Amino acid sequence: MLIAGGTFVIISEIYKINYHMKQFTKNEEMEQLLRKSGFQTVNIHENNKWRCYVGKK
């Protein structure tokens, strides 16, 4: 989801991330992808069932 002002949010259950995004299953890999895509700030929130990635331009 892209929010006005250049904020990008992904919220998903961890098992879905591991299935659909096999090359980005670790937080470091996803952070690197978002930074390479131009996001200056990347915040990661998680518990044992879900992850939320927030990238801000």
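Computed from a predicted structure; not experimentally measured.
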Euclidean distance, Lys57 NZ relative to Phe8 CZ, rounded to 0.5 Å:
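Those atoms lie 10.0 Å apart.
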Rounded to the nearest 0.5 Å, what separation is found between the OG1 atom of Thr41 and the CG atom of Leu34?
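Those atoms lie 11.0 Å apart.
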Run the side-chain donor-acceptor check on residues 24-31: report pairs under 3.5 Å with partners two or more places apart or on a different chain.
| residue | atom | partner | partner atom | Å |
| --- | --- | --- | --- | --- |
| Asn27 | OD1 | Arg51 | NE | 3.3 |
| Asn27 | OD1 | Tyr53 | OH | 3.1 |
| Asn27 | ND2 | Glu46 | OE2 | 3.0 |
| Glu29 | OE1 | Thr25 | N | 3.1 |
| Glu29 | OE1 | Lys26 | N | 3.0 |
| Glu31 | OE2 | Arg35 | NE | 3.1 |
| Glu31 | OE2 | Arg35 | NH2 | 3.3 |

With Asn47 via side-chain contact (heavy atoms from CB on, under 4.5 Å) - residues at least two apart:
Lys49, Trp50
Non-hydrogen side-chain atoms of Thr7 and Val54 separated by less than 4.5 Å
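Side-chain contact under 4.5 Å: yes.
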Heavy-atom distance under 4.5 Å between the side chains of Ile44 and Cys52, does that happen here?
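Contact flag for Ile44/Cys52 side chains = no.
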Tell me every residue that passes salt bridge (Lys or Arg N to Asp or Glu O under 4.0 Å) with Lys16, counting only those two or more places apart in sequence or in another chain.
Glu13
Applying a strict under-4.5 Å side-chain criterion to I, L, V, M, F, W and Y, I'd like to know whether Met21 and Phe39 cluster together.
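Yes, because Met21 and Phe39 connect within a single hydrophobic cluster, where side-chain heavy atoms sit under 4.5 Å apart.
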